[in-house]
Student: 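Mind looking over this structure? Questions follow.
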Amino acid sequence: MKNLFTGELVCLGAPMPSIDAPLFSKWSRDTEYMRLLDTDPPTLASAKSLQDEFEKRLEDQTGHVFRIHTLAESKQIGFVGLFGFDWANGNSWVGIGIGEREYWGKGYGTEAMTLVLRYAFTELNLHRVSLGVFEFNARAIQSYTKAGFVVEGLERKFMNREGRRWDIINMGVLRDEWMKTYKGNFEK
Ligand SMILES: CC(C)(COP(=O)(O)OP(=O)(O)OC[C@H]1O[C@@H](n2cnc3c(N)ncnc32)[C@H](O)[C@@H]1OP(=O)(O)O)[C@@H](O)C(=O)NCCC(=O)NCCS
């Protein structure tokens with residue numbers, strides 16, 4: 001088996017708050033990215049406040065957040081992270097963002113998600129990973145479907161964008177389902 005956190009296009013790296021914070025701050029200035037990522041209206045995040053937040057998260061161990069690096073250029077293009085752990089029931093949530101938008105739609109996100117699901121199911125022993133995605137984010141929904149998620153429901157008219165209401169689509173993937181379909185890909 002290859003390195004646990006390495007695929008064909010990307011590898012996942014451990015967080016480094018002092019390096020990550022300026023990048024996240026830069027990405028927060030891309031309103032289209034923020035509009036796809038978060039229910040809050042786009043706001044600018046200072047590198048200083050982000051660094052404090054990331055350092056606290058590392059200390060508290062409240063999430064497992066990874067940097068996404070391209071293998072070809074070793075460039076940091078985004079993040080993927082597991083959070084909201086419910087250890088008694090083996091559940092968690094996942095979030096992902098590729099801040100460097102020239103890398104959208106080229107397979108990087110799906111592979112990063114596949115790597116983090118492998119970690120979730122084969123190392124952390126989780127049974128289920130959930131996410132929420134906005135109904136207008138067709139690229140993300142397609143990427144998640146390719147990574148093994150299925151639509152489980154929706155929260156109707158949950159959020160406000162451009163003066164109208166939008167649904168949040170709930171998607172989830174179970175370990176048994178994922179193991180059947182994807183685990184073999186890593187054993188070739
Ligand atoms: C969502 C995200 C992580 C997906 O990663 P990605 O690398 O762009 O996705 P991939 O290239 O692996 O897969 C995208 C799929 O959607 C398709 N796609 C691309 N643009 C699309 C669009 N506008 N509408 C529908 N499908 C689209 C691609 O063709 C591909 O499917 P295919 O391989 O079957 O052809 C990334 O686009 C991103 O970070 N976007 C900005 C922030 C965001 O949306 N975060 C998620 C919040 S829930």
Side-chain angles (χ1 to χ4, degrees), residues 5-13 15 20-45 50 53-54 63-84 91-120 128-162 165-173 178 181-182 185-186:
F5 295 117
T6 303
E8 302 292 329
L9 293 171
V10 298
C11 64
L12 305 185
D20 300 341
L23 269 177
F24 277 67
S25 176
K26 182 186 95 174
W27 297 334
S28 81
R29 281 154 173 75
D30 180 340
T31 50
E32 175 64 7
Y33 171 70
M34 293 305 285
R35 178 178 167 274
L36 294 168
L37 194 65
D38 207 330
T39 48
D40 293 335
T43 49
L44 303 182
L50 287 171
E53 182 188 323
F54 295 165
H64 291 277
V65 180
F66 300 92
R67 325 156 92 202
I68 304 174
H69 281 264
T70 64
L71 290 177
E73 309 103 328
S74 194
K75 179 178 163 116
Q76 185 172 351
I77 58 169
F79 77 95
V80 60
L82 298 164
F83 63 95
N91 297 329
S92 94
W93 291 79
V94 69
I96 185 167
I98 295 181
E100 302 293 336
R101 57 160 68 208
E102 67 272 25
Y103 289 86
W104 290 355
K106 296 176 180 166
Y108 295 93
T110 303
E111 188 176 90
M113 182 61 82
T114 303
L115 291 171
V116 91
L117 289 178
R118 174 168 61 163
Y119 175 63
R128 165 188 176 83
V129 176
S130 313
L131 60 80
V133 58
F134 310 149
E135 65 168 298
F136 53 75
N137 198 347
R139 187 190 309 108
I141 294 166
Q142 172 66 5
S143 168
Y144 300 150
T145 303
K146 284 195 300 173
F149 286 85
V150 296
V151 173
E152 296 179 326
L154 53 83
E155 292 165 73
R156 293 176 302 150
K157 309 296 176 206
F158 187 90
M159 56 182 284
N160 189 45
R161 280 283 187 280
E162 298 158 350
R165 310 292 306 183
W166 300 87
D167 298 341
I168 290 194
I169 297 173
N170 299 121
M171 300 183 80
V173 56
W178 188 88
T181 314
Y182 294 91
N185 295 352
F186 295 107

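These figures come from a predicted structure and were not determined experimentally. Counting convention: from 1, in listed order, for ligands and their atoms alike. FYI, side chains are in, hydrogens and waters are out, and symmetry mates aren't considered; it's all heavy atoms of this structure.
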Student: Which residue owns the protein heavy atom closest to atom 46 (C) of ligand 1, what's the atom, and how far is it?
Tutor: Y144 OH, 3.2 Å
Student: When you look for heavy atoms under 4.0 Å from ligand 1, do you find them on the side chain of F136, its backbone, both, or neither?
Tutor: neither
Student: CD/E135 to CH2/W166 distance, rounded to the nearest 0.5 angstrom?
Tutor: 5.5 Å
Student: To check you understand the geometry: which heavy-atom pair defines the closest contact between V129 and A120, and what is its length?
Tutor: CG2-CB, 4.0 Å
Student: Okay, side chain of S25, backbone of A45: is any donor-acceptor separation there less than 3.5 Å?
Tutor: yes
Student: Heavy-atom contacts under 4.0 Å between N137 and ligand 1: side chain, backbone, both, or neither?
Tutor: side chain
Student: Are any of the N/O atoms on L37, whether in the backbone or the side chain, positioned under 3.5 angstrom from an N/O atom of ligand 1?
Tutor: no
Student: For A140, is at least one N or O under 3.5 Å away from an N or O on ligand 1?
Tutor: no
Student: Go through Y144 and V173 one step at a time and tell me if the side chain to side chain contact (heavy atoms under 4.5 Å, CB included) criterion holds.
Tutor: CA-CA 9 Å; Y144 300 150; V173 56; over 6 Å; no
Student: Have a look at V10, I168, I98 and point out the one with the heavy atom closest to atom 39 (O) of ligand 1.
Tutor: I98
Student: Please list, in number order, the atoms of ligand 1 under 4.0 Å from a heavy atom of G105.
Tutor: 6 (P), 7 (O), 8 (O), 11 (O)
Student: What residue and atom, counting heavy atoms only, is the protein's closest point to atom 7 (O) of ligand 1, and at what distance?
Tutor: G109 N, 2.7 Å
Student: I'd like to know if atom 35 (O) of ligand 1 has any protein heavy atom within a distance of less than 4.0 Å.
Tutor: no
Student: Compare R139, M171, R35, K106 and give the one whose heavy atom is closest to atom 21 (C) of ligand 1.
Tutor: R139
Student: Rounded at 0.5 Å granularity, tell me how far OG in S28 sits from CG in L23.
Tutor: 11.0 Å
Student: So, 4.0 Å and heavy atoms of G107: is ligand 1 close enough to count as a contact?
Tutor: yes
Student: Would you confirm whether any non-hydrogen atom of the protein falls under 4.0 Å from atom 23 (N) of ligand 1?
Tutor: no
Student: Flag yes if more than 12 heavy atoms outside Y119 fall under 6.0 Å of its OH atom; otherwise flag no.
Tutor: yes
Student: Which option wins on minimum heavy-atom distance to atom 45 (N) of ligand 1: L36, I96, V80, I169?
Tutor: I96
Student: For Y33, is there any backbone N or O sitting under 3.5 Å from a side-chain donor or acceptor partner on W27?
Tutor: no
Student: Side chain or backbone, does V133 bring an N or O within less than 3.5 Å of an N or O on ligand 1?
Tutor: no
Student: Can you find a protein heavy atom closer to atom 11 (O) of ligand 1 than 4.0 Å?
Tutor: yes
Student: G132 heavy atoms, cut-off 4.0 Å: which ligand 1 atoms fall inside?
Tutor: 48 (S)
Student: Give a yes or no on whether atom 3 (C) of ligand 1 lies under 4.0 Å from any heavy atom of the protein.
Tutor: yes
Student: Can you list the atoms of ligand 1 that are under 4.0 Å from a heavy atom of G97?
Tutor: 39 (O)
Student: In Å and rounded to the nearest 0.5 Å, what is the CG to CD1 distance from L115 to I68?
Tutor: 9.0 Å
Student: Identify, with sequence neighbours excluded, every residue that meets ring-ring contact (aromatic ring centres under 6.0 Å, His included) alongside F79.
Tutor: F24
Student: Could you check atom 25 (C) of ligand 1 against the protein and tell me its nearest heavy-atom contact, residue, atom and distance included?
Tutor: A138 CB, 3.5 Å
Student: Would you confirm whether E111, through its side chain, and E8, through its main-chain N or O, come within 3.5 Å as a donor-acceptor pair?
Tutor: yes
Student: Under 4.0 Å from a heavy atom of T110: give me the atoms of ligand 1 that qualify, with their elements.
Tutor: 10 (P), 12 (O), 13 (O)
Student: Pick, from Q142, K146, R101, the option with the minimum heavy-atom distance to atom 13 (O) of ligand 1.
Tutor: K146
Student: Roughly how far, to the nearest 0.5 Å, is the OG atom of S130 from the CH2 atom of W93?
Tutor: 5.0 Å
Student: Is R165 atom CZ crowded by more than 12 heavy atoms from other residues, nucleotides or ligands, each under 6.0 Å away?
Tutor: yes
Student: So for ligand 1, is Y33 a polar contact partner (N or O within less than 3.5 Å, distance only)?
Tutor: no
Student: Looking at CD1 of I168 and CG of N137, how far apart are the two atoms once the value is rounded to the nearest 0.5 Å?
Tutor: 11.0 Å
Student: Provide, to 0.1 Å, the distance between atom 41 (C) of ligand 1 and the closest protein heavy atom, together with that atom's residue and name.
Tutor: W104 CZ2, 3.5 Å
Student: Return each pair, listed once, that meets salt bridge (charged side-chain N to carboxylate O under 4.0 Å, His left out) where at least one residue sits in residues 25-37; pairs must be two or more places apart or across chains.
Tutor: K26-E100, D30-R101, E32-R35, R35-E162
